[in-house]
Peer 1: 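Got a structure here, written out as structure tokens. Questions coming.
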Amino acid sequence: MKTCYCCGRELPLEQFEQYATGTRRGICRHCHYVMHGKRAKRKWRLRQLAEVLMRR
């Protein structure tokens with residue numbers, strides 16, 4: 001069991017990404033997705049909308 005630095009939940013080690021060196025990431029997969037994946041997709045979508053509006 002390991003505690004996520006972001007949400008504070010105690011989760012099994014399988015919920016944390018493993019680096020090639022064998023150590024595990026400090027935040028769980030869910031928090032990593034929320035912090036990086038969703039935010040990046042939203043920024044991409046806003047750039048796409050801005051590009052469409054600039055063409056008008």
Side-chain angles (χ1 to χ4, degrees):
M1 299 292 270
K2 184 173 180 170
T3 304
C4 175
Y5 293 136
C6 187
C7 64
R9 293 184 295 170
E10 192 170 316
L11 301 166
L13 289 177
E14 293 80 31
Q15 295 295 320
F16 296 88
E17 291 182 34
Q18 186 173 11
Y19 295 116
T21 59
T23 58
R24 301 232 175 227
R25 187 182 293 274
I27 61 173
C28 65
R29 292 179 190 269
H30 174 74
C31 291
H32 185 262
Y33 168 73
V34 170
M35 291 174 60
H36 299 284
K38 285 179 72 175
R39 197 178 296 166
K41 288 177 187 171
R42 183 168 187 231
K43 281 195 240 178
W44 174 82
R45 182 67 181 142
L46 290 173
R47 280 195 305 270
Q48 295 294 320
L49 289 172
E51 193 175 300
V52 169
L53 291 173
M54 294 297 287
R55 289 183 191 164
R56 292 183 179 181

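Since the model is a prediction, treat every value here as computed from it, not as a measurement. Residues take their numbers from the sequence shown, with the count starting at 1.
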Peer 1: Working to the nearest 0.5 Å, report the span between CZ of Arg9 and SG of Cys31.
Peer 2: 6.0 Å
Peer 1: About how many Å separate CZ of Phe16 and OG1 of Thr23, when rounded to the nearest 0.5 Å?
Peer 2: 12.5 Å
Peer 1: Going from CZ on Arg29 to SG on Cys4, what distance comes out if it is rounded to the nearest 0.5 angstrom?
Peer 2: 12.5 Å
Peer 1: Nearest 0.5 Å, please: how far is CD in Glu10 from CE in Met1?
Peer 2: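 The CE atom of Met1 sits 4.5 Å away from the CD atom of Glu10.
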Peer 1: Side chain to side chain donor-acceptor pair (under 3.5 Å) with Arg24: which residues, sequence neighbours excluded?
Peer 2: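 Arg24: side chain to side chain donor-acceptor pair (under 3.5 Å) contacts with Gln18.
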Peer 1: Could you walk me through whether Arg47 and Glu51 pass the salt bridge (charged side-chain N to carboxylate O under 4.0 Å, His left out) check?
Peer 2: CA-CA 6 Å; Arg47 280 195 305 270; Glu51 193 175 300; over 6 Å; no
Peer 1: Look at the side chain of Lys2 and the backbone N and O of Cys28, then say whether any donor-acceptor pair between them is shorter than 3.5 Å.
Peer 2: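 No, the answer is negative, given that no donor and acceptor are paired below the 3.5 Å cut-off.
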Peer 1: Heavy-atom count check: over 12 atoms from other residues, nucleotides or ligands less than 6.0 Å from Met54 CE?
Peer 2: no
Peer 1: Measure the SG-CE distance between Cys7 and Met35 for me, rounded to the nearest 0.5 Å.
Peer 2: 11.0 Å
Peer 1: Got a sec, which hydrophobics cluster with Tyr33, joining ILVMFWY side chains under 4.5 Å apart, including via others?
Peer 2: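 Besides Tyr33, the hydrophobic cluster comprises Val34, listed by chain and residue number.
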Peer 1: Take a 6.0 Å sphere around NE2 of His36 and say whether it holds more than 12 heavy atoms from other residues, nucleotides or ligands.
Peer 2: yes
